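Throughout, protein chains are lettered first and strands after them, A, B, ... in sequence-line order, and every chain is numbered starting at 1. Everything quoted here is computed from the prediction, not taken from an experiment.
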There are 2 protein chains.
Amino acid sequence: MTDTYGFHSHDHSACIADCVAHVDQLCRAQGLQFTPVRRRVLEILLEAHRARGAYEILDILRNEGLGSQPPVVYRALDFLVSHGFVHKIEGLNAFVACARPGEDHAAAFLICRRCHAVAETPTATGGGRLGTTARAAGFQIEAAVIEATGVCPKCQTDGSETPPSRART
Amino acid sequence: MTDTYGFHSHDHSACIADCVAHVDQLCRAQGLQFTPVRRRVLEILLEAHRARGAYEILDILRNEGLGSQPPVVYRALDFLVSHGFVHKIEGLNAFVACARPGEDHAAAFLICRRCHAVAETPTATGGGRLGTTARAAGFQIEAAVIEATGVCPKCQTDGSETPPSRART
DNA sequence: TGTTAAACGTGATTATATAACATATCAACC
DNA sequence: GGTTGATATGTTATATAATCACGTTTAACA
């Protein structure tokens, strides 16, 4: 099975298993409980390799008997996000599996507005222009959201072009 | 009256009037209707110099008899955002008046998580590392959201420190 | 002044997220 | 083994954010 990952086609049936196993290991090492719901939510996000909303994930959990109420999925997402296994895409109110779980990192995202595919790329923290501005203003940066919206290569070729939605910023 | 603007104290009773007049001019020049609701929403955002939610704005409009239903404020915000007079802060689902209305620009934001003060700063478009990554991936960036969260100088001094909320990204 | 497009008023609904509280599970310790 | 405390889950209800649909009003302009 292939799907988009960072906009490049690749076989990722193994990539899901690898990533889940990796997170499993990290949780053991840190004494965190990688429970069935948390594991399944991570899998669901890895399967898609795109941003999915909490209620979309909840629908899947519900069909599988793993929980049917919003707090179930929000708690699992909260766990996964707070430990760096999943990122929240603020511009979509949606979530995506982290490409580098465990590596403490700041990430930027390229988000396709047509298919919601998400590519994650590392980014500098504080070294850039924004960091300089912040220091000059006496502002202490704790976290940053960097999300670029556009059209991924696949959707550019797919035709039936839709106009850009109005810029957000 | 003084308030925070870019985290610096300054008199801004004039700054509100100036900005509204400036936007008024821009609308005339572009044949846009700067209606009472739209004008008032912009003023409300300028008065605060911080991010405010749509329903917070709506409460004020309601008290003034300018509209009581969500679509009223969302339509006004949609107009203001789409013409670059207001920015949406995705991380807060809230809105802030633009510091440079009319100048077509990409902006980054420093957002205080305690008082929701927002400083806007210009940012490079496409020239940086993210732009390079995007080009290499064949991704066409149309818009970018750059939001740094932290504590502003005022709140740092104000004591009663609250711990950082979990990182979002 | 008649025509048309844009903006507004309003009620309902959808989407996203959290509060509050009861129950269950698990590990540490006695 | 039983108790205890911490963490996770189940469930109901509700809060918050945003949009839809449709009819009316207003503004621009021929």
Contacts of type side-chain hydrogen bond (donor to acceptor under 3.5 Å, both in side chains), residue B:Gln33, not counting sequence neighbours |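 side-chain hydrogen bond (donor to acceptor under 3.5 Å, both in side chains) check on B:Gln33 returns nothing, list empty.
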Tell me, please, whether A:Phe34 has A:Arg39 positioned over its six-membered ring: NZ or CZ under 6.0 Å from the ring centre and within 45 degrees of its axis?
->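 Checked: cation-pi criterion not met.
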With side chains defined as the heavy atoms from C-beta onward, is the minimum distance between [X] and [Y] less than 4.5 Å?
X	Y	result
B:Tyr74	B:Leu58	no
B:Arg113	B:Cys152	no
B:Gln25	B:Gln30	no

Could you check how far CG of B:Leu61 sits from C1' of C:dA7, rounded to whole Å?
->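 It is 15 Å, rounded to the nearest whole Å.
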Nearest-angstrom distance from the residue atom OH of B:Tyr55 to C1' of C:dT18 = 16 Å
Where along nucleotides 19-26 of chain C does protein come under 4.0 Å, by heavy atom, of base (B) or sugar-phosphate alone (S), with - for untouched nucleotides?
-> B-------
For the residue pair B:Phe95 and B:His87, is the inter-centroid distance of their aromatic rings smaller than 6.0 Å?
->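 No.
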Can the ring centroids of B:His49 and B:His116 be said to lie less than 6.0 angstrom from one another?
->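 Centroid separation for B:His49 and B:His116: 6.0 Å or greater.
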5' to 3' on DNA chain D, which nucleotides open and close the contacts with chain B (atom under 4.0 Å from a heavy atom)?
->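 Footprint of chain B along DNA chain D, 5' to 3': D:dA17 to D:dA27.
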Whichever of B:Asn93 and B:Gly65 has its nearest DNA chain C nucleotide further upstream toward 5' |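 Counting from the 5' end, the first nearest nucleotide belongs to B:Gly65.
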Which of these, A:Leu80, A:Val72, A:Thr35, sits in a side chain to side chain contact (heavy atoms under 4.5 Å, CB included) with A:Val41?
->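 One option only clears the test, and that one is A:Leu80.
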